[in-house]
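Data block below; observations after.
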Amino acid sequence: MREHKRAKMWTTHPYKWGQKYSLWPIHFCTGCGAIEIPPTMLAPYDASRFGMGPMASPRQANLLLLTGYLTRKTLKYVIRTYEQMLTPRYVISFGSCPIDGGLYYTSYNTINHLEWYLPVDVWIAGCMPRPEAFLMGVNRLMEEIENGTADGYKRYEENIDYYRRNQERTLGKKFLEELKQVEWLT
Amino acid sequence: MTIGLQIAWMISLPVVMILLVAVVFTGISLKVTARIDRRYGPPIYQPVIDLVKLVSLKTNVSHGVIFDWGLLVAIAGSSVALLMIPMGGIHPLSGSGDLLVILYLMIFASVGLGLSAGASENPNASMGVSRKLMLGLGYEVPFILILLAMMTYHHTTSLVALVAAQRATGVLGALRFPLSAVAAILIMPALQGVRPFDFVTAPQEVASGPMVELGGKYLALMVIEQSLHTAVILSLMVDLFFGGATNLGIFILKMTGLFLFGVLVNAVYPRFRVEQALRYCWRWPTWFALGGLIMAMVTKGG
């Protein structure tokens, strides 16, 4: 029945159909959540049922998986990776740390609120979320894509001044100048 | 064959082969690989969803004129190579000496990809292309020895004549040249670029190599190029060793069999390093191909 529903959407919204059932994630595995990704992708939970397959390069991917806490150093590369991805692009944030700092909320070097720097489409709370929770998050993202509410990339373009201001405050002016130098980035 | 029919086949044959390999074969291979891994796997029409997704992306990043045209050159090279190969009695472009032209055109496609990858200025792409050329260095030696054995035995460089000879005598190429056939089966994964020879596009090592800067429509073009390349390799092998076919349906069935062999090898084996692949290609397949060449020279009619 579900297979039938999946095939039927082709006739009504072909482009949404493509984006919904073909999420190619690129993992940014800096935190402890990285250990939950292999069982999700491989035989135990098999994320390829939902059309997901891991990608190696941000150009090919359309889903950014942030698995765990982000430091000032890694946030730079996350922003660069995100800006290299092609739109429509989606972000799933994994675990409590990107939400409010989690275990590391007093750390001088950890980012407490990811929402200030990047638009996130789906949050998955937990320390750590199990693969089931991750697949629930993916299903939630799929519903949002179908409804048209997964608009993180649009928010990023509309409120780019806000995001740039926050990025500058945390990462310094030098980072933004480096971003501008790389012309092929966006 | 009239001129009109010839032109119709010239246009439709690459399209048929792209649809066959990029959609049907890839879907089957995803499902078969998943079952070997004891997974449920994606739906069998997943390649269609992926292609629609790639075409529907709103932004496409180009890196200049050579980046765009390199891909098109590769696709053109593979398409022309495909038209040179007789497929179940259909051979729109082949004449005498077409085996040599196919050899040249297969390298032409790699050169196009190399141009495109070089223009993207990504170090991973350059590494991927250098690995691709090294792999070519490995498999070209046994491959040319195999073709030489057939050309020597039948006194021709025409693929149409080779297929006609198999049909006339009723003896398949795989039975007449057993050593060459063994060598060809051994280098098939290298020609197709699947595991254990997928270090060219290894995601974990070089971030998918020549494809690293390709996204959206460019990646869709790359999928088309790869499926054309796979179709060229499969149909060449069917013609050389399995006697071609009288119609396109049986030809496609034989191609499917060969493709499934590649899928099974791909699902089971781990990846070679570059020097391991070169050592492999220059050892057993080369010895078998050399034995096949000597056998063909000894047994050929005066």
Side-chain angles (χ1 to χ4, degrees), chain A residues 2-11 13-27 29 39-63 81 83-90 142 145 153-154 157 182-186, chain B residues 26-27 29-31 33-64 67 117 119-125 128 198 201-220 222-223:
Chain A
R2 193 176 262 182
E3 285 286 315
H4 176 66
K5 196 182 161 195
R6 186 187 300 199
K8 201 179 164 189
M9 196 178 159
W10 159 246
T11 53
H13 304 288
Y15 277 13
K16 268 186 187 173
W17 179 69
Q19 274 146 22
K20 183 178 170 186
Y21 291 112
S22 171
L23 290 168
W24 288 354
I26 179 165
H27 313 137
C29 292
T40 316
M41 290 295 165
L42 297 179
Y45 291 94
D46 188 21
S48 74
R49 283 175 296 156
F50 305 102
M52 298 177 79
M55 283 292 137
S57 139
R59 296 280 188 223
Q60 301 162 5
N62 63 344
L63 171 62
T81 307
E83 298 201 350
Q84 282 180 55
M85 286 163 68
L86 307 180
T87 55
R89 51 195 168 189
Y90 310 103
M142 285 176 163
I145 293 171
Y153 65 100
K154 282 182 199 157
E157 279 163 20
V182 194
E183 286 175 5
W184 43 263
L185 208 55
T186 44
Chain B
T26 315
S29 86
L30 285 175
K31 205 76 182 170
T33 311
R35 287 303 161 97
I36 291 172
D37 295 351
R38 297 196 175 179
R39 291 186 284 117
Y40 182 73
I44 203 154
Y45 51 88
Q46 183 66 37
V48 184
I49 311 181
D50 291 343
L51 281 175
V52 169
K53 196 273 300 276
L54 289 176
V55 173
S56 74
L57 288 180
K58 284 176 188 159
T59 46
N60 290 285
V61 179
S62 173
H63 296 274
F67 181 77
S120 73
E121 295 180 1
N122 191 313
N124 283 319
D198 69 335
T201 54
Q204 292 89 355
E205 293 165 27
V206 286
S208 72
M211 305 194 290
V212 65
E213 283 291 329
L214 302 174
K217 294 189 176 74
Y218 293 96
L219 195 55
M222 185 69 186
V223 170

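- Side-chain atoms of B:T59 never come within 3.5 Å of backbone atoms of A:L86 as a donor-acceptor pair (strictly under, hydrogens ignored).
- Smallest separation of non-hydrogen atoms from B:Y40 and A:D46: N-OD2, 3.0 Å.
- Contact between B:G41 and A:S48 at its shortest, heavy atoms only, is CA-OG, 3.7 Å.
- Contact record, B:V52 with A:W17: CG2-CZ3, 4.2 Å, taken as the closest heavy-atom pair.
- A donor-acceptor pair under 3.5 Å is formed between the side chain of B:Q46 and the backbone N or O of A:Y21.
- Residue A:S22 comes nearest to B:K53 through the heavy atom pair O-NZ, 2.9 Å, listed as atom of the first residue, atom of the second, then distance.
- For B:L57, the parts lying under 4.5 angstrom from a heavy atom of chain A are both the backbone and the side chain.
- Taking CD1 of B:I49 as the start and CD of A:Q19 as the end, the distance is 12.0 Å to the nearest 0.5 Å.
- Residues passing the side chain to side chain donor-acceptor pair (under 3.5 Å) test with A:S57: none are found, sequence neighbours excluded.
- Proximity to chain B is absent for every atom of A:Y45, based on heavy atoms less than 4.5 angstrom apart.
- The greatest number of non-hydrogen atom pairs below 4.5 Å with chain A, out of B:K58, B:R39, B:Q204, is found for B:R39.
- Counting heavy-atom pairs closer than 4.5 Å to chain B, the top residue among A:P14, A:G18, A:A47 is A:G18.
- In this structure a side-chain-to-backbone donor-acceptor pair under 3.5 Å is present from A:Q60 to B:M211.
- By number of non-hydrogen pairs under 4.5 angstrom with chain A, the leading residue of B:G215, B:S56, B:A202 is B:S56.
- B:L51 does not touch chain A: none of its heavy atoms, backbone or side chain, sits under 4.5 Å away.
- Minimum interatomic distance between A:R59 and B:V61 (heavy atoms only, all atoms of both residues): NH1-CG2, 3.6 Å.
- Looking at B:D37, only its backbone comes within 4.5 Å of chain A, counting heavy atoms on both sides.
- No other option in A:G51, A:P58, A:P54 has as many heavy-atom pairs under 4.5 Å with chain B as A:G51.
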